[in-house]
Amino acid sequence: TPPRQQLELTLSRTAETVTEIPLWIDGERVEHAPTDLTMPHDHRKVVGRVHTATAEHVGAAIEAAQRARADWSEMDYTDRAAVFLKAADLVAGPYRDRINAATMLGQSKTAHQSEIDAVCELCDFWRYNVHFGAELGQEQPFSPPSMWNRLELRPLDGFVFAVTPFNFTAIAGNLPTAPALMGNTVVWKPAPTQMLSAQVIVDALEEAGLPPGVINLVAGDPEPIGRVALQSPHLAGLHFTGSTRTFQHLWRTIGENISRYRQYPRIVGETGGKDFIFVHPSWTDGVDALVTAIVRGAFEFQGQKCSAASRVYVPKSVWSQLREPLLSTVSEMKVGDVRDFSNFMGAVIDQRAFEKIHGYLQHAKSDPEHTILAGGEADAGTGYFVRPTVVETSNPRGKLMTEEIFGPVVTVFVYDDSDVDAAVELCESGTSYALTGGIFARDRRVVADLTRRLRFAAGNFYINDKPTGSVVGQQPFGGSRASGTNDKAGSSANLTRWVSPRAIKETFVPPTDWRYPFMG
């Protein structure tokens, strides 16, 4: 098709260009100490030069955000909203091939995974946030006779520090812009491995008319960037997606600095997951849906989704039918360069991720409680490739069933049909995370019972479906426990965290006598 041909052409051009990716401070492009950015699936191929921020650059970004606060926050909501609506149309239109190519080459996403992330979801965030923000502004308190009560949605009293991950271009675009829509100014630190598509986001926002200083991008070493941002008395909020350990470190640092701040910072974080698929013995509708849910849920984008299916609980009666079709399907899956559209998977993001996943594979090979049924191979010669891997375990509380791997590894625990209650309890309490999960059951009484018993095991719960693929405006996303604050990106619940409401009471006829009737 013509769109496919145009994407292939843009991929070719982008791959042959070394893109300069500067800092973006007060609307100016700032270059300093560039480092090479390479493709995960061809790690000798340089596609960008990412300029890195010093502590002084971060300080300048904070100052720019503070200078821009008054004008931006006092701008009418419709004018702020227009910036992001235009940016959405740019990404859906003239920027579509650019942002897809940047996401595919820089993050090793297939064309399909990139389109639903970097284009569709990013546009949905910007458009739905505008809709939800407008609805929030319409919610006003009751006004009895003689007075007028109203609620003003002020921005926070300072800047928001947005820290974004490599795995979703849409998250990188949403975390700085959701607070900005509500009148805040932002210091944004993207992941270094996502910078090729981050540059396209910057270009789209700039063309859409975002004023200088509203969002300031600083890239590089997280230590000086985080230290300067979190020590600033003007820090008003943290909008974070990333690892649980990093989020806990940032929260701890904010707590240690709590007396510094002009206001108590809002802390919003979406972190890790150890997401489940639970199959009940009542599932009698064949194994095709189970195979598809496991394969897509565990292996799309190399399992590098916080929502990826990573642990599966299957009764023996179903496993006897599921095992061979599942392994046969996994054996057919192609892994390689995402520019070859026949590949289902690309490479994991970098060497550190590759080595971490490889360590889990070695553990599975050496531990007698685990049996690798499919995959288990990893090769970093050309790119950081890991074969989709299925492991069967006899230990439902072992490392592969409890720790987040963030790679294409799914572990299956087979339980006796008569032990379904114990298996449900294992699923509910088996990890410290509570992000996503899916159940497969036919009996409606069972569906209702599992939905109740697993109520706190997942913030996004799926019935007869894989635990990935939430859509903005349909399934607001977020989990609790070690998975985050569950503030539901892509909903009005998230936007309320970026405002500091002011209640205003105006009395039309003020009282003139200080005495009350009961005193007579």
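Quantities reported herein were computed from a predicted structural model and do not represent experimental measurements.
N464 places a side-chain N or O within donor-acceptor distance of the main-chain N or O of A441, the cut-off being under 3.5 Å. Side-chain N or O atoms of S12 include none that pairs as donor or acceptor with a backbone N or O of E8 at under 3.5 Å. Q304 contributes a side-chain N or O that, together with a main-chain N or O of I349, makes up a donor-acceptor pair within less than 3.5 Å. In this structure a side-chain-to-backbone donor-acceptor pair under 3.5 Å is missing from T103 to N100. The backbone N or O of G376 sits less than 3.5 Å from a side-chain atom of T389, completing a donor-acceptor pair. Of the possible polar contacts, one joining the K488 side chain to the G478 backbone as a donor-acceptor pair under 3.5 Å is found. Formation of a donor-acceptor pair under 3.5 Å by the T393 side chain with backbone atoms of P396 is not found in this model.
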**Request:** Go through F125 and T177 one step at a time and tell me if the side chain to side chain contact (heavy atoms under 4.5 Å, CB included) criterion holds.
**Result:** CA-CA 9 Å; F125 271 131; T177 58; over 6 Å; no
**Message:** Apply side chain to side chain donor-acceptor pair (under 3.5 Å) to residues N460 and S470 and explain how you reach the verdict.
**Reply:** CA-CA 8 Å; N460 281 62; S470 68; 4.7 Å; no
**Item:** salt bridge (Lys or Arg N to Asp or Glu O under 4.0 Å) between E115 and R96, intermediate numbers included
**Value:** CA-CA 8 Å; E115 175 73 8; R96 179 183 176 189; 3.0 Å; yes
**Prompt:** Could you go step by step and tell me if V295 and L326 meet the side chain to side chain contact (heavy atoms under 4.5 Å, CB included) rule?
**Reply:** CA-CA 8 Å; V295 166; L326 174 62; 4.0 Å; yes
**Asked** Stepwise, does the ring-ring contact (aromatic ring centres under 6.0 Å, His included) test hold for H43 with Y384?
**Response** CA-CA 8 Å; H43 51 59; Y384 302 111; 4.6 Å; yes
**Request:** Report the C-alpha separation of M345 and K334 in whole Å, then their side-chain angles, then the decisive distance to 0.1 Å, and conclude whether the side chain to side chain contact (heavy atoms under 4.5 Å, CB included) test is met.
**Result:** CA-CA 7 Å; M345 285 170 45; K334 291 182 61 179; over 6 Å; no
**Message:** Could you walk me through whether W498 and V160 satisfy the side chain to side chain contact (heavy atoms under 4.5 Å, CB included) test, starting with their C-alpha distance in whole Å, then the side-chain angles of each, then the deciding distance to 0.1 Å, before giving a yes or no?
**Reply:** CA-CA 9 Å; W498 310 120; V160 173; 4.0 Å; yes
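Taking CG of L122 as the start and CD1 of I116 as the end, the distance is 13.5 Å to the nearest 0.5 Å. With rounding to the nearest 0.5 angstrom, the OH atom of Y313 is 14.0 Å from the CG atom of D419. Here the OG1-CZ distance, from T451 to F461, works out to 4.0 Å after rounding to the nearest 0.5 Å. N129 CG to D124 CG: the interatomic distance, rounded to the nearest 0.5 Å, is 10.0 Å. Expressed to the nearest 0.5 Å, how far CZ of R311 lies from CG of L426 amounts to 9.5 Å. Atom CD of E135 sits about 7.0 Å away from atom OG of S492, to the nearest 0.5 Å.
Under the 4.5 Å side-chain criterion, counting only non-hydrogen atoms from C-beta, W319 is not in contact with V279. Between V386 and H358, every side-chain heavy-atom pair lies at or beyond the 4.5 Å cut-off. Contact check for I267 versus R497: no side-chain heavy atoms found under the 4.5 Å cut-off. Between T371 and V391 there is no side-chain heavy-atom pair separated by less than 4.5 Å.
With 3.5 Å as the limit, one finds no donor-acceptor pair spanning the side chains of S282 and D443. Residues S418 and D416 bring no donor and acceptor atom of their side chains to less than 3.5 Å of each other. In this structure, a donor-acceptor pair under 3.5 Å is absent between the side chains of S307 and K305. Between T402 and T431, the side chains place no donor N or O within less than 3.5 Å of an acceptor N or O (distance only, hydrogens not considered). Residues Q107 and T169 bring a donor and an acceptor atom of their side chains to less than 3.5 Å of each other. No hydrogens or angles considered: a donor-acceptor pair under 3.5 Å links the side chains of T271 and T244. Between the side chains of T246 and S243, at least one donor N or O sits under 3.5 Å from an acceptor N or O. Residues D203 and Q199 bring a donor and an acceptor atom of their side chains to less than 3.5 Å of each other.
A salt bridge does not link D36 with R49: none of the charged nitrogens is closer than 4.0 Å to a carboxylate oxygen. With respect to the salt-bridge test (charged N to carboxylate O, under 4.0 angstrom), the residues R445 and D449 do not qualify. Taking a cutoff of 4.0 Å between a charged side-chain nitrogen and a carboxylate oxygen, E403 and R245 do not qualify as a salt bridge. With respect to K86 and D89, no salt bridge is recorded, no charged nitrogen being found less than 4.0 Å from a carboxylate O. A salt bridge is defined here as a Lys NZ or Arg NE, NH1 or NH2 lying under 4.0 Å from an Asp or Glu carboxylate O, and E369 with K399 fails to meet this definition. Salt-bridge check for R453 with D421: passed, with a basic side-chain N closer than 4.0 Å to an acidic carboxylate O.
A cation-pi contact, defined as under 6.0 Å to the ring centre and within 45° of the axis, is absent between K316 and Y415. For K109 and F301, the positive end sits near the middle of the six-membered ring, less than 6.0 Å away and at most 45° from its axis.
Aromatic pair H41/F385: centroids not less than 6.0 angstrom apart.
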